[in-house]
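Presented below is the structure to which this report refers.
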Amino acid sequence: MTNQEVARILRQIAEILQIKDDNPFKVRAYRKAADAIYHFDEDINVLNQTGRIADIPGVGRAVQEKVEELLRTGSLAYHERLLQDVPLGVLDMLHLPGLGPRTVRNIYEHLRITSLDELLQAAQEHRLRGLAGVGENTEAAIIKSIEEQKLSRGKVTLGEALPLAEHLLRYLLSTSPVLDGSIVGSIRRGKPLVSDIDILLATRQPEKVVSLINEYPGIKQVTTAEPGHIQGLLSGNMEFEIIMVDPDYYYFNLVRTTGSKAHRDTIFNHQHAELFFGARGEADIYQRLGLIYVAPELRENRGEIELARTGGLPHLLNLTDIRGDLHTHSKWSDGAEGIAEMAGSAIALGYEYIAVTDHSKSLSISGGLNEERLRLQGKEIDVLQADLPLTILKGIEVDIMKDGALDFSDDVLAGLDLVIASVHSNFKLDKVQQTERLIRAIQNPHVDIIGHLSGRLLNRRYGYELDILRIIEAAAEYKTILEINAHPDRLDIDEETARLAKGYGVKMVINTDAHHRVDLSLMRYGVMNARRGWLEPADVVNTWNKDRLFEYLSSRRS
DNA sequence: GCCGTTTTCGGCCCGACTGTTTTCAGTCG
């Protein structure tokens, strides 16, 4: 069991206890322990072997014993018992916006509803509105959000799928008689939501791969197993497909199985496979088609094929171009670690700079900073900076109020190296008000970056309504940088907006919004998203060196 | 259930908004 799987069980326990109206501090303790284990940068199994599970902050005696049982037996009696009181389908309801533990408990107890399908039906038949606190609007909101969810049903975020795919591929490469292998399909193209894991292997002994797949520790079920093709489910119910091909046709198949259908149909156009026999790489395949190599993230038939013919494809940025992270949190607000720890991890990543951007005062739940604590934080940074080989920018993630005003005065903001302005409240304003609100923030000369512009959370909620073109025009006029939030639940701004913004000359920045040290490594998702938006290093300010970045920041403020 | 330079009990982030009410509980970030 991985840290993430253990954390998932603990989170379910927290949710069930919440629905059962147990002690809220106990609920929080389970959540906190789950979060800490999820983000801990050592394997929980290794910690277990050395009896160090309780070294993880937030994990005490009770949780330690439960984790030990989980790792020893693969299940947990306490968890099983709780699931008899509150089935898993009830927890799905808790994830719908607008539904909290109280309402879900009412729905479950009074109507015995245990799945989203049943809930949808009950809402459509107006059977919910008799319950305490549920009226017409809540019913309508439930119908809307379940139907929205259906649009992405069965899909998971790239952040969930990519690590699972990498783990499976590593297993196959290390145990099986394969000459080469790659993740293919939509994961390789970096799509934010994917439906399954596709892996391509070059092998002359496909039957041996078939015999080894059942021994993979993360396997749940194999549904198809024939030479050339394996299909099944991983333990978290993630679908996977392994395609095995003759090594002489590996690169042909790599291109064929990576591109979107529209891309591959257009480039291959019924050409015979023999034409691509013995190719030495993907570039060779494209060359034989009279094309320049096209990066996986571009293979969507959105104009890349014409440019591959004539030259003029963008020179996409790479993860190695990133020189710093300009949106991070620390213990000063809702981050899990101190500034020194975050900076240490940034140094390990080879960064030149990092910005500390904790929340501002109105976000009190997150321990947002007031002016005095912001000043004290600045002093701490001064002390730390003296010994460090990287530059720490003193920043803030300042809240954008309902009317577009900011949570700090211009004087306070002027004293900082970097200001990110973000929306954390009033998501339901209409399109005109929401757009005006953001434009007012964009126009503020002290605002360098707009954080997670749309507010979307993949698989959970759509972004608020915005006139995106007006936002981009304003960002271009005021030289305000738009963030590509790299967190795989956000990837906000999305690829279309990024590509549009680039066309208007708007600069962007890829930030992780890290709340833990390990979150700094989420950068790669943001880079994939930026590449899907056709961005080049010149478009993304944190590919620039410190001098160029500072020069840009000071030029746009004057 | 966790935690402790206020230490083995008694604390543990809170304030605004929403939809349902008719004075507020539940949800959100």
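Computed from a predicted model, the values in this text were never measured in an experiment. Letters A, B, ... are given to chains in the order of the sequence lines, protein chains preceding strands, and every chain is numbered from 1.
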Query - Separation between CG of L326(A) and CD of E397(A), rounded to the nearest 0.5 Å - result: 12.5 Å
**Report entry** Backbone N/O of I37(A) and side chain of N3(A): donor-acceptor pair under 3.5 Å
**Finding:** yes
Query raised in the report: With a non-hydrogen cut-off below 4.0 angstrom, is V63(A) in contact with a base, only sugar-phosphate, or nothing?
Result: sugar-phosphate
Requested in this report: For K220(A) and N237(A), run side chain to side chain donor-acceptor pair (under 3.5 Å): C-alpha distance rounded to whole Å, both residues' side-chain angles, the deciding distance at 0.1 Å, then the answer.
Outcome: CA-CA 7 Å; K220(A) 180 177 182 183; N237(A) 280 336; 2.7 Å; yes
Requested in this report: Counting heavy atoms from C-beta on, name the nucleotide in dG15(B), dT20(B), dT27(B) closest to the side chain of N137(A).
Outcome: dT20(B)
**Report entry** Residue met sooner reading DNA chain B from 5', once N23(A) and T103(A) are mapped to nucleotides
**Finding:** N23(A)
Requested in this report: Take atom P in dT22(B) and the same atom in dA16(B), then report the distance between them in whole Å.
Outcome: 25 Å
Query raised in the report: OP1 or OP2 of dG29(B) less than 4.0 angstrom from a side-chain nitrogen or oxygen of R461(A), does that happen here?
Result: yes
Requested in this report: Answer with yes or no whether the side chains of D399(A) and H424(A) bring together a donor and an acceptor at under 3.5 Å.
Outcome: yes
Query raised in the report: Expressed in whole Å, how much space separates the C1' atoms belonging to dT8(B) and dG4(B)?
Result: 9 Å
Report task. Check every atom of dC2(B), dG29(B), dG19(B) against the side chain of F427(A) and return the nucleotide holding the closest atom. Result -> dG29(B)
**Report entry** Gap between atoms CD1 and C1', on I142(A) and dG26(B) respectively (whole Å)
**Finding:** 13 Å
**Report entry** Pairing partner (Watson-Crick or G-U wobble, both distances under 3.5 angstrom) of dT8(B)
**Finding:** none
Requested in this report: Look at the side-chain N and O atoms of S366(A) and state whether any lies under 4.0 Å from the OP1 or OP2 oxygen of dC13(B).
Outcome: no
Report summary line: Closest to the side chain of R28(A), out of dG26(B), dC12(B), dG1(B), is dC12(B)
Query raised in the report: Under 4.0 Å between a side-chain N or O of K32(A) and OP1 or OP2 of dC12(B)?
Result: no
Query raised in the report: Can you tell me if the side-chain N/O atoms of S425(A) get under 4.0 Å from OP1 or OP2 in dC28(B)?
Result: no
Report task. Specify the separation, in whole Å, of atom NE2 of H515(A) and atom P of dC13(B). Result -> 16 Å
Requested in this report: Classify the side-chain pair S333(A)/D358(A) by whether it contains a donor and acceptor separated by less than 3.5 Å.
Outcome: yes
Requested in this report: Could you work out the separation of dC12(B) and dT23(B) based on their P atoms and round it to a whole Å?
Outcome: 31 Å
Query raised in the report: Start at the 5' end of DNA chain B and walk down; is the nucleotide closest to L99(A) or to V59(A) reached first?
Result: V59(A)
Report task. Go through R31(A) and E15(A) one step at a time and tell me if the side chain to side chain contact (heavy atoms under 4.5 Å, CB included) criterion holds. Result -> CA-CA 9 Å; R31(A) 279 238 161 76; E15(A) 287 175 349; 3.5 Å; yes
Report task. When you get a sec, tell me which of dC13(B), dT27(B), dC14(B) is the closest nucleotide to the side chain of S364(A)? Result -> dC14(B)
Query raised in the report: Does the pair R517(A)/E337(A) count as a salt bridge with the N-to-O cut at 4.0 Å?
Result: yes
Requested in this report: May I have the distance from L94(A) (atom CG) to dC28(B) (atom C1'), rounded to whole angstrom?
Outcome: 12 Å
Report task. Would you classify G100(A) as touching base, sugar-phosphate or nothing, given that sugar-phosphate means primed atoms plus P, OP1 and OP2, and contacts are heavy atoms under 4.0 Å? Result -> sugar-phosphate
Query raised in the report: If the C1' atom of dT6(B) is compared with that of dG11(B), how far apart are they to the nearest Å?
Result: 11 Å
**Report entry** Rounded interatomic separation in angstrom, taking CG from N426(A) and P from dG15(B)
**Finding:** 17 Å
**Report entry** Interatomic distance, D334(A) CG vs dG15(B) P [rounded to whole Å]
**Finding:** 16 Å
**Report entry** Atom P, compared across dG19(B) and dC13(B): separation rounded to whole Å
**Finding:** 29 Å
Query - Nucleotide dC12(B), atom P - distance to CZ of F25(A) in whole Å - result: 7 Å
Requested in this report: Check the distance between dC28(B)'s P and Q18(A)'s CD and give it to me in whole angstrom.
Outcome: 10 Å
Report task. Identify whether any heavy atom of P97(A) sits under 4.0 Å from a base atom; if not, whether one sits that close to sugar-phosphate; answer base, sugar-phosphate or nothing. Result -> sugar-phosphate
Report task. Could you tell me whether the phosphate oxygens of dG1(B), OP1 or OP2, come under 4.0 Å of any side-chain nitrogen or oxygen in K66(A)? Result -> yes
Query raised in the report: Quick one: H452(A) NE2 to dG29(B) C1', roughly how many Å, whole number?
Result: 10 Å
Query - C1' spacing across the pair dT21(B) / dG10(B), given as an integer number of angstrom - result: 36 Å
